[in-house]
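What you see below is based on every heavy atom in this structure, not just the backbone, and it leaves out hydrogens, waters and symmetry mates. Each chain gets a letter, A, B and so on, in the order its sequence line appears, and its residues count up from 1.
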Amino acid sequence: MTAILESYSQLAIYSAMAVYTLAFIAFTLDLAKRTSAVQVVAAVPAVRVGVLTRAGGTATLEREPEVAAPVVPPTPRSSPFERVAFSLTVVAWLLHVAGTVLRGVAAHRVPWANMFEFSLTASAIIVTVFIFVQLWQNLRFLGAYITGFALIVLGVGTVNFYVPVVPLPPALQSYWLVIHVFVATLGTAFFAIAGGLSIAQLMQVRREAGKFAAVKFMATLPTAERLENLAYRVVLVGFVFWTFTLIAGSIWAEHAWGRYWGWDTKEVWTFIIWTIFAGYIHARATRGWRGTRSAWLSLIGFGAVMFNFTIVNLFFKGLHSYSGL
Amino acid sequence: MSRPSDHFDSPAPAPRSEINQPKLGIVGYLRFFWRQLTSMRVALLLLLLLAIAAVPGSLFPQRAADPNGVVQYFSANPTSAPILDKFQLFDVYTSIWFSAIYLLLFISLIGCVVPRATHHYKALRSRPPRTPVHLERLASFAAYDLPAGETDAAGNPFTPASVVEAARAVLRKSRYRVQLFDGRELSVSAERGYARETGNLVFHIAMIGILIAVGVGGSIGYTGQKVVVVGQAFVNVRSAFDSFNPGRLFTDDFLQPYRLVLNSFSATYEEKNLNAIGEATDYTADMTSYGPDGKGVKQVLKVNYPLEIGGNQIYLLGNGYAPKVTVKDSAGKVVFTDSVPCLPQDANLTSVCIIKVPDAVKQLGMVGFFYPTASNLSTGALASVHPALGNPTLTLRVYQGDLGINKGVPKSVYALNTDGMKEIVGPDVSTHSIDLTPGKTATLPGGNGTITFDNVSPPSTKANDLTKSVPRYVSLDIHSDPTQGWVLFFAICVVAGLLTSLFIPRRRVWVKVIERADGGLRLEYAGLARGEDPGLEAAVADLARRHSRQLGLKLSS
């Protein structure tokens, strides 16, 4: 049974990778097709004065119709490429999640106990956050970045990290495996999206300085300042998850290894990442550190997250040696 | 001053055309350094420096986390290791330079938190500030005209007082702190989100709390290790520990009396999954604890589920086999009989055993290998192919001579120094090796008597069933960390403070009513963010909407 489920899981993951590839191509085409011929947003007058009128003739209070939100610059209509790309991403994501869940069902546990499974789950959650964050902000311009990233993680995961289903060693048999690792993955997802926004911000800064005029699609993206604000807000969410990861990890370490903090290599890097993003948040409040500098901090932070997941897992000695390789 | 002067909200320093450097003097310099240290920029640099300084600790083995790794590093890099050691790169997290960074950071933090806390305390007790004269200069601003002659629901004409009163009611309902001002015009000044700064302070104070709790815990706590063979007991006195690491302020009075007996230990290994045959899936130790009252309580100890006894946490950290060995001298007198815990070397529990027989006529030392399921490799060497007892085999090299333990110098029981000892069984002499299975006895050459690998299976066991023939042992970690709960408490405060300080917006809003020349009223709404507040614009628009609804009016822009 396990073997059959596992092969279905593999099939779903390979299919997801194929669809992600198509989505990636479509997102790239969308970026290429975007022109700088976006409508110039009319400058909002400095002071608008509205008029208050009676809601109704009678003396009773009436429920008046909803007032339109303050004037927002009209968002450019999404291109067909973008719509196709986003639909493909959703299809790939469904396959991806199905493959990941099947892996968990095959193993009778959560699908994040070794590096292969962690690659599946982490990339699935990154795409999940990307899809659902669209309800809050239109960040589809990050589509190529996110699908490309998910593809790389899945590719490296299936080719280099694959291990068959094996039972959990006693040290991992704890409900903290579910909480600690899942929240760490959520934090990683938010840091990944913030990383994409920071890259866009750095490019936008150059374009706004007139150095990057050739890249036309950048003109369709939000301003550098807006990108920075978005990145900041995404990092905040990631930072809260990361703080929780640290604390949950400490509690688990206390149960499993008898101390809540022992400067194990993985603990060290989790701490380093936490410190970098704490620095990022403080940089926002420090004169001279807003803008490009803090964008670099966000990227360094996400780089450390990736380093922690790959290099530290594979090459550093420590108690967190659960890569299964 | 509530925030460091280089906080981005503070006014930028005026550009100076010439550099004028007044003489500072000692107090001046001290003040200068204090200002620098508590500035936002230096705090940020220290924070980033701390991240960088933590990196080497993951590149080099650390004495605290991986002492064997340090020993290996020294033998692999005999020239560079002592130099690295000079820079404390094997003790990064207790090193002078790492400590200096975090202590400076925490001093900087205290220098920032204390003035901010007093400022916030005052802010919590004061009323919202006077309404600015020019609200239209603020980032979020909206204004509406109320034509003359409009009346409220009761038919009374609107007056500035009634309009402001309605605004106050709306703001009150939204849990703003509200203050009416009657200057040139009537206005309401309101502020909310004090919890943002409270959360911020809680977060930072809790960080200091964690540091203190960790420091105190490290100096009054202790950790110890103890190997217990099935059937044996651990008694919580200092001499009973195999190794013991007390904090600086530890005294023996901290140890509470209890006794812990290991009744049995079972390890379960994967049998079905072909990819994982022999991988451990469960370790369970059945124990009985006896408190000062002498009453026994059954306890189950598993990985991830420590025991709590007498102020200690007891962890199951390792396990292995402890073959029972009996040595008799040539006259048949027992000179040694004990279960010898052997150190596992691989996942199939190939283990190294050191046996010291000090009471023999001539002292004997033995270095053995124990294989739970021995199998002959193609090279002829033995190897264990499964961690359970399938074909238990003990092979021994034997030395005769001075064990070096008579001088009272403590020696590791897990190492044998063969200097000055004569090999009597081994590859260099005529008897190459002694290979024993449970129940078997071999003669030691040179008239040194016999050695027996005892079979400890219960009497009812079938003759060919060796699954219980060798006792197991567990290695326990015994900890006392009295401030652990405090660390957790402060950690929870950190999260709570973080959530409130990041996601509760702090803002000031104003509603002003201006009487126009034509008898109508102009209503002005404005907001000012204090810290990050992406929702300010929407909040001001919402205030205008709710205010007009309160007045029974409709907005049209």
| request: Identify which part of A/Ile251 has an atom lying under 4.5 Å from any heavy atom of chain B, answering side chain, backbone, both or neither. | output: side chain

| query | Is there a side-chain contact between A/Phe316 and B/Leu59, using heavy atoms and a 4.5 Å cut-off? | reply | yes

| note | Counting heavy-atom pairs under 4.5 Å with chain A, the top scorer among B/Leu498, B/Leu521, B/Val92, B/Asp477 is B/Leu498

| query | Looking at A/Val312, A/Val268, A/Val237, which has the largest count of heavy-atom pairs under 4.5 Å with chain B? | reply | A/Val268

| message | Distance check, rounded to the nearest 0.5 Å: A/Arg293 atom CZ versus B/Leu44 atom CG? | response | 9.0 Å

| Gap between atom CZ of A/Arg287 and atom OG of B/Ser39 - 0.5 Å precision | 11.0 Å

| request: Measure from the side-chain N and O atoms of B/Tyr315 to the backbone N and O of A/Glu254, and report whether any donor-acceptor pair falls under 3.5 Å. | output: yes

| remark: Of the listed A/Ala285, A/Ala278, A/Ser250, A/Gly288, the one with the largest count of heavy-atom pairs under 4.5 Å with chain B is A/Ala285

| message | I want to check something: taking the side chain as every heavy atom from C-beta on, are A/Gln173 and B/Val303 in contact at a cut-off of under 4.5 Å? | response | no

| For chain B, which of A/Asp264, A/Asn229, A/Val240 has the most heavy-atom pairs under 4.5 Å? | A/Val240

| said: At a 4.5 Å cut-off on heavy atoms, which part of A/Tyr232 comes close to chain B: side chain, backbone, both, or neither? | reply: side chain

| message | Just so I understand: if I count every heavy-atom pair under 4.5 Å between each of B/Gly520, B/Pro61, B/Pro534 and chain A, which residue has the most? | response | B/Pro534

| Relative to chain A, which segment of B/Leu45 carries a heavy atom at a distance below 4.5 Å: side chain, backbone, both, or neither? | side chain

| note | Rounded to the nearest 0.5 Å, the CG atom of B/Leu50 sits from the CD1 atom of A/Ile272 at a distance of 9.0 Å

| field | Most contacts with chain A, counted as non-hydrogen pairs under 4.5 angstrom, among B/Gln484, B/Glu524, B/Glu279, B/Arg41 | value | B/Gln484

| query | Among B/Val214, B/Val540, B/Leu316, B/Ile52, which has the most heavy-atom pairs under 4.5 Å with chain A? | reply | B/Val214

| For residues A/Trp176 and B/Asn304, is any side-chain donor paired with an opposing acceptor at under 3.5 Å? | no

| query | Using non-hydrogen atoms only, which part of A/Arg233 is less than 4.5 Å away from chain B: side chain, backbone, both, or neither? | reply | side chain

| said: Given heavy-atom pairs under 4.5 angstrom as the criterion, report whether the side chain, backbone, both or neither of B/Tyr305 touches chain A. | reply: both

| Under 3.5 Å: donor-acceptor pair, side chain of B/Asp282, backbone of A/Pro170 | no

| request: Just do the side-chain contact (heavy atoms from CB on, under 4.5 Å) check on B/Asp66 and A/Trp263 with the steps written out, would you? | output: CA-CA 10 Å; B/Asp66 182 16; A/Trp263 297 107; over 6 Å; no

| message | Nearest 0.5 angstrom please: B/Ser501 OG to A/Ile281 CD1, how far? | response | 8.5 Å

| query | Between A/Phe315, A/Phe244, A/Phe271, A/Trp289, which shows the greatest number of heavy-atom pairs under 4.5 Å with chain B? | reply | A/Trp289

| What residue, out of B/Ile492, B/Val487, B/Leu488, B/Ile314, has the most heavy-atom pairs lying under 4.5 Å from chain A? | B/Val487

| Over all atoms of both residues, closest heavy-atom pair of A/Pro167 and B/Ala276 | CD-CB, 3.4 Å

| said: Heavy-atom cut-off 4.5 Å, strictly under: side chain, backbone, both or neither for B/Tyr269 against chain A? | reply: neither

| query | Where the side chain of B/His479 meets the backbone of A/Gly258, is there a donor-acceptor pair that is under 3.5 Å apart? | reply | yes

| request: Side-chain contact test, heavy atoms from C-beta onward, threshold under 4.5 Å: evaluate it for A/Leu168 versus B/Thr281 and give yes or no. | output: no

| task | Can you tell which part of A/Ile300 gets under 4.5 Å to a heavy atom of chain B, answering side chain, backbone, both or neither? | result | neither

| request: Verify the ring-centre separation between B/Tyr93 and A/Trp261: is it less than 6.0 angstrom? | output: no

| said: Within the 4.5 Å heavy-atom criterion, are B/Glu270 and A/Val166 side-chain neighbours or not? | reply: no

| Is the number of heavy atoms from other residues, nucleotides or ligands within 6.0 Å of CD (A/Glu225) greater than 12? | no

| task | Considering non-hydrogen atoms only, spot the tightest contact between A/Trp269 and B/Ser58 and give its length. | result | NE1-OG, 2.8 Å

| message | Measuring only between side-chain heavy atoms, which start at C-beta, is A/Thr275 closer than 4.5 Å to B/Leu48? | response | no

| said: Looking at chain A, which one of B/Gly57, B/Ala53, B/Ala65, B/Ala280 has the largest number of heavy-atom pairs inside 4.5 Å, strictly under? | reply: B/Ala280

